[in-house]
Amino acid sequence: MPKEKSVKLSDKSKPTVKPVTEERKVEPAPKAVAVERKAEPVKKEAAKKEVTAEVKTEKAVTAEIAGKTAPKAEPAVAQKAMAEKPVKAAEKTAAAENPVKAAEKKAAAEKPTKAAEKTATAAKPAKAVEKKAAAEKPVKAAEKKAAAEKPAKAAEKTATAEKPAKAAEKKATAEKPAKAAEKKTTAAKKAPEKKAIKESEPVKAVEESKPVEETPAEAHNATPRRSVAFIGSECYPFVKTGGLGDVMYALPKALVKQNCDVKVILPKYKCIPWEYQEKMVYRGSFQMDLCADGRSFYVGIMEYVWDGVVYDFIDNEEFFSDGNPYTNLVDDIPKYCYFAKAALAALNYMDWIPDIIHCHDWQAALVPVYLRTQFVNTKLTTAKTILTIHNLRFQGIYDIPTIRYWSGLPDHVFNKDVLKVKYKDANMLKGGLAYANAITTVSQTYAGEIQSAYYGETLDAHLRYHSGKLRGIVNGIDYDIWNPDTDDRLYENYNITNVLDKKKENKRKLQEELGLAQDDHKFVIGLVSRLTNQKGLDLVASILPKVMDGHTQVVVLGTGDRNYEDTFRYYEGAYKGDVCSNIMYDETRAHRIYAGADALLVPSRFEPCGLTQLIAMHYGTVPIVRETGGLKDTVEPYNMYSNMGNGFTFDRYEAGLLLDAINRAKTLYFESRWCWDEMVQRDMDKDLSWEKSAKQYKDLYLDLTR
Ligand code: ADP
Ligand code: GLC
């Protein structure tokens with residue numbers, strides 16, 4: 001049965017969004033809008049019970065998957081995670097001894113407790129609203145305008161929500177090649193042909209669209225050209241809640257320099273600042289069948305071109321009119337079923353058939369599943385798919401009837417090899433991982449870790465099974481946005497030659513702005529983070545009093561779980577003048593903390609890659625990190641004998657070890673400043689750009705499309 005959302009949606013009529021045809025402009029001043037972070041899904045139980053069943057039957061799926069999947073029955077499992085949890089270790093031993101038995105027993109013993117889980121998942125995520133963005137007039141103006149433009153609503157045809165069980169299969173046959181609508185942009189390579197699927201048949205002729213900008217001058221790379229569609233749920237500067245937004249912006253830009261045509265497909269959320277919305281150009285619209293009972297939805301395409309990258313926004317007010325991209329699973333599941341299918345249908349509609357479809361996180365994970373089922377008879381079927389895991393904790397899990405209804409996917413994908421988990425749930429990320437031609441994640445260490453039970457978020461067996469197509473490629477940072485020499489949000493710009501003096505000035509001004517004691521002899525520790533369980537904040541909270549020695553200041557910037565927000569507020573009061581807790585989302589403040597702090601804390605429980613330690617290093621701020629995921633891959637621990645390294649690290653998830661790392665940093669800072677200063681310069685000198693990693697992605701694209 002579809003849940004509340006289906007009722008809610010069925011009450012709404014179909015919107016027709018008025019196209020904005022205003023001329024687009026390029027190079028807007030980047031400005032992020034801050035929104036709530038993904039609702040943290042209910043922690044799923046260790047799914048060992050499903051594990052072995054998957055291993056036994058997944059070959060069937062693999063057969064369907066084009067490309068070079070090389071599944072291994074018993075792949076190597078990640079390294080040191082094991083040491084960290086004795087309880088987990090015990091579980092692992094049991095499973096290793098007889099995984100089939102263990103899984104079966106556990107499955108038999110367990111009863112799903114969905115109702116409770118769902119209530120929890122529907123709970124509101126913690127707020128993360130940027131003050132400035134909220135205060136901004138253009139957004140208001142956009143809202144007003146949108147409201148004014150609301151078309152008369154047509155009554156929804158069927159009270160469809162009640163009957164999710166209805167067959168979805170008929171759609172597969174309906175999705176036949178139809179007709180072409182529009183010329184390809186200059187960025188697209190392939191000759192325009194007739195249109196493919198029913199979903200993408202234009203409702204009306206596509207309006208005159210501006211030609212896409214020419215290939216940028218930097219596209220000098222000698223490797224063969226490839227076209228890539230990026231599909232994901234957020235992208236700086238339009239909408240960003242964390243590192244995914246940074247990557248969706250920076251990687252396409254870097255790929256353009258690797259001789260790629262890139263189109264980024266995003267939802268057109270209402271919260272995208274008006275300064276961008278008003279520059280979008282209408283590319284067309286159509287009706288798309290979505291649900292199992294054939295219920296269809298409007299899909300509009302709005303385009304914006306910037307820095308050689310084409311951004312196509314999927315427009316539908318029913319799904320994307322919340323203030324934030326992520327609200328709760330009840331709303332988010334239908335939203336991202338729609339988005340995944342609409343993204344493919346839009347490509348078909350535009351007749352832009354990319355070589356590669358690169359999907360990001362669970363919100364885009366159904367794309368490979370749709371491509372190999374409902375779109376199998378379209379031209380898009382030649383494309384190879386990649387699914388990048390930015391954070392395995394978020395998977396898009398809900399009961400099968402709801403996901404089957406909203407996705408309209410055929411019954412056969414709701415099996416243990418693809419979408420099914422536990423007894424009656426479907427996991428959208430799992431399905432995407434099964435069908436994608438390649439899986440990547442954002443660091444090599446995390447690629448190994450997620451194949452272990454401790455970090456695997458119940459998908460470790462699935463990932464082990466698909467390990468032949470899994471690899472880690474570490475993130476970089478965008479050197480145009482993150483450059484202390486040109487960053488106009490800083491009090492003082494600096495580079496490697498004058499960092500030691502200028503950093504002091506940035507520090508003093510930061511202390512002044514935040515109401516801290518102005519004293520450049522104090523050791524300032526920054527923390528810029530979502531305040532969630534992932535980020536190791538319980539460790540920070542438990543040792544903070546021991547860190548506060550009269551010579552140290554702590555600056556926190558973040559939003560998230562209420563208990564962490566309150567804890568840091570409490571410490572601000574307890575250590576007035578030395579602790580400042582900025583419970584907010586504020587890009588400018590983040591930049592100033594990276595520049596003004598001496599060290600940046602990232603003690604994460606797990607960290608797929610982590611960008612804050614990269615930004616910190618580039619700003620000459622020494623990272624103090626836990627050795628996990630990308631933190632381990634990017635921060636070489638300081639070695640006092642060789643006087644080498646980039647930061648201070650600790651391994652096990654223990655407060656004492658974090659405290660020890662902070663104390664080691666302080667000792668170097670206060671007692672061997674010249675060594676510290678050398679590390680600052682070494683960090684600024686380190687190559688953290690996207691170039692190397694973009695090359696690796698390009699190699700992967702070439703491998704898949706050889
Ligand atoms: P995650 O994606 O898990 O949140 P990352 O380290 O990959 O972590 O990326 C976090 C990004 O979000 C960085 O660009 C960081 O500067 C930014 N960020 C996090 N919290 C805030 C905040 N409260 N205000 C401004 N920027 C923030
Ligand atoms: C996720 C991860 C983070 C990573 C980011 C971008 O949100 O938590 O570690 O850097 O995605 O890939």
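Predicted model only: the values in this text are computed from it and were never measured.
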Ignoring hydrogens and geometry, is there a side-chain-to-backbone donor-acceptor pair from [X] to [Y] under 3.5 Å?
X: N391; Y: R393; result: yes
X: N582; Y: V556; result: yes
X: Q444; Y: D633; result: no

State, with a plain yes or no, whether a side-chain heavy atom of [X] is found less than 4.5 Å away from one of [Y].
X: S227; Y: D355; value: yes
X: Q258; Y: Y701; value: no
X: T440; Y: Q696; value: no
X: L347; Y: I265; value: yes
X: P267; Y: I314; value: no

Between M684 and Y619, the two heavy atoms sitting closest are CG-C, 4.2 Å
Shortest non-hydrogen pair, A595 vs L490, comes out as CB-CD2, 3.6 Å
- prompt: Is the charged tip of K253 near the ring of W690: under 6.0 Å from the six-membered ring centre and within 45° of its axis?
  reply: no
| query | Are more than 12 heavy atoms from other residues, nucleotides or ligands located less than 6.0 Å from atom CD of Q681? | reply | yes
Exactly one candidate in Y249, Y269, Y311 meets ring-ring contact (aromatic ring centres under 6.0 Å, His included) with F238; the answer is Y311
Only residue of T621, D683, N646, T634 satisfying side chain to side chain donor-acceptor pair (under 3.5 Å) with Q613 is T634
Dump the intermediate steps for side-chain contact (heavy atoms from CB on, under 4.5 Å) on T388 and V247, then the final yes or no.
CA-CA 11 Å; T388 295; V247 175; over 6 Å; no
